[in-house]
There are 2 protein chains.
Amino acid sequence: MRVSKEQMAENRSFILKAAKRLFRERGFDGVTVAEVMQAAGLTHGGFYGHFKSKEDLIAHALETAVDEIAESAASANSLEAYASKYLSKGHRENLAGGCVYAALSSEVARLSLECRDVLTDGLKAQLDALSAKAPGKTSEAKRQRAVTAWSAMVGALLLSRVVDDKSLSDEILERTRLAIAR
Amino acid sequence: MRVSKEQMAENRSFILKAAKRLFRERGFDGVTVAEVMQAAGLTHGGFYGHFKSKEDLIAHALETAVDEIAESAASANSLEAYASKYLSKGHRENLAGGCVYAALSSEVARLSLECRDVLTDGLKAQLDALSAKAPGKTSEAKRQRAVTAWSAMVGALLLSRVVDDKSLSDEILERTRLAIAR
DNA sequence: TGTACATCAGTGAACGCGCGTTCACTGATGTAC
DNA sequence: TGTACATCAGTGAACGCGCGTTCACTGATGTAC
């Protein structure tokens with residue numbers, strides 16, 4: 001049952017949206033192509049009309065996930081405000097809708113160069129955006145603040161999710177937020 | 001061909017050693033039981049004489065990997081010295097032999113409670129050890145330094161591995177090292 | 001504008017491969033006498 | 001201490017399931033007249 005060109009484009013974006021959420025929630029190997037298609041409201045057979053392979057889907061899904069982060073950083077009022085939102089309990093609990101670096105970092109480091117390129121470009125944009133918002137007299141000082149704050153944010157969110165003890169998890173987030181606000 | 005009790009204990013430790021390295025290098029799903037056994041110098045059939053399941057192996061391998069980190073932190077001279085070693089290019093390139101949190105963090109957050117318990121206990125020990133080495137007048141100040149430094153170290157190492165651009169990767173490590181030394 | 005036909009997005013069964021796991025077997029270990 | 005037998009760690013073939021991928025088919029879209 002052929003669908004219109006607009007419908008097909010919409011379907012593709014449904015697939016990407018579903019993949020973006022599912023991959024962050026369960027990891028690349030924890031999600032099947034069939035599950036992504038079902039979440040997008042389609043059947044698995046049609047998948048290869050949209051993407052070359054699962055790996056191709058991963059690359060495109062990462063792109064949209066990276067864009068999402070860049071937008072949220074660009075719309076923040078200050079580095080401190082961004083850190084406060086990033087290091088919130090809400091973000092910690094929202095794996096599927098949260099930061100792609102924190103959700104997939106260790107898996108991504110083993111991905112193809114194509115996928116890592118996407119994340120590298122995203123990270124550059126992220127660091128530039130945060131540098132612009134960071135406090136500091138010189139651009140060097142601003143960048144120093146931005147890079148270290150971003151490392152701390154990603155690390156803290158990750159550790160807070162690994163940890164199985166609520167008060168320790170909260171402590172990690174809170175102390176890191178404090179350190180970034182300084 | 002039955003082996004002696006001592007040989008069997010040694011074989012078990014070979015399996016754990018191989019698993020610890022392979023999991024960090026390729027992730028849990030990127031390594032098969034047969035590969036672990038082969039790396040340990042055995043055949044795959046004997047695996048279930050040592051462990052209940054692959055997941056059981058993961059839990060035990062994580063334990064030994066966590067111990068490894070705790071030891072390296074305990075033997076460091078200062079927080080600064082530890083950070084300098086942790087944030088080195090050597091560590092970045094040594095995925096298989098490096099920090100388990102940086103290598104497996106995002107996958108671990110989706111693991112069973114049993115596995116997360118192991119990492120939670122390890123993290124507590126790690127933070128206590130680093131707090132003792134951290135500079136600061138009060139124990140509160142020391143802990144604040146230790147927790148934020150540790151988050152930043154893990155995050156920076158992870159990001160430096162994701163990034164596909166050597167100079168950016170180096171920059172992340174170097175700036176974070178600088179921030180911890182302050 | 002209306003009709004006839006070609007195109008092709010989506011369907012769902014099927015394929016083939018790899019992986020975790022099981023099992024009958026082997027032969028060295030360890031024990032009972 | 002030496003011998004006979006039971007035990008059981010390790011072997012490798014086999015099983016079964018799930019997953020990525022393919023393919024013949026369907027029927028709505030879009031186009032040519």
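Just the heavy atoms: all of them, side chains too, but no hydrogens, waters or symmetry mates, feed the values below. Throughout, protein chains are lettered first and strands after them, A, B, ... in sequence-line order, and every chain is numbered starting at 1.
- Rounded to whole angstrom, the span from the CG atom of Asp29(A) across to the P atom of dG20(D) amounts to 9 Å.
- Rounded to an integer number of Å, the gap from OH of Tyr48(B) to C1' of dG20(C) is 4 Å.
- Backbone-only contact: His50(B) has heavy atoms under 4.0 Å from sugar-phosphate atoms and none from a base.
- At dA9(D), none of the side-chain N or O atoms of Asn11(B) fall inside 4.0 Å of OP1 or OP2 (strictly under the cut-off).
- Between Arg92(A) and the choices Asp170(A), Leu87(A), Ile172(A), the side chain to side chain contact (heavy atoms under 4.5 Å, CB included) rule is met once, by Asp170(A).
- If you take CG of Leu42(A) and P of dT21(D), they are 17 Å apart, rounded to a whole angstrom.
- Judged by Watson-Crick or G-U wobble contacts below 3.5 Å, the nucleotide dT22(D) has dA13(C) as its partner.
- Atom-to-atom, NE2 of His44(B) to P of dC23(C) comes out at 14 Å; the value is rounded to the nearest Å.
- The distance between atom CD of Gln38(B) and atom C1' of dG10(D), rounded to the nearest whole Å, is 15 Å.
- Rounded to whole Å, atom P of dG10(D) lies 13 Å from atom NZ of Lys5(B).
- Ion pairing between Glu25(B) and Arg110(A) fails under the 4.0 Å rule for side-chain N and carboxylate O.
- Atom CZ of Phe47(B) is separated from atom P of dG10(D) by 13 Å (rounded to the nearest Å).
- Electrostatic pairing of Arg24(B) and Glu68(B) counts as a salt bridge here, judged by a charged N lying under 4.0 Å from a carboxylate O.
- Taking the six-membered ring where the residue is Trp, His60(A) and Phe51(A) present tilted rings, their angle falling between 30° and 60°.
- For Val33(A), the listed nucleotide lying nearest its side chain is dG20(D); candidates were dT11(D), dG10(C), dG20(D).
- Heavy atoms of Met8(B) sit under 4.0 angstrom from primed sugar atoms or phosphate atoms, though from no base atom.
- Applying the Watson-Crick and G-U wobble criteria (two distances, each under 3.5 Å), dG2(D) pairs with dC33(C).
- Between Ser4(A) and Met1(A), it is Met1(A) whose nearest contact on DNA chain D lies nearer the 5' terminus.
- Using a cut-off of 4.0 Å between Lys/Arg side-chain N and Asp/Glu carboxylate O, Glu80(A) and Lys133(A) are scored as not salt-bridged.
- The CZ atom of Arg2(B) sits 6 Å away from the P atom of dC8(D) (whole-angstrom rounding).
- Nucleic acid contact class of Val31(B) (heavy atoms, under 4.0 Å, all strands): sugar-phosphate only.
- Among the protein residues, Gly49(B) comes within range of no part of the nucleic acid, since none of its heavy atoms lies under 4.0 Å from any strand.
- Using N1 to N3 plus N6-O4 or O6-N4 for Watson-Crick, or N1-O2 and O6-N3 for G-U wobble, each under 3.5 Å, dA28(D) pairs with dT7(C).
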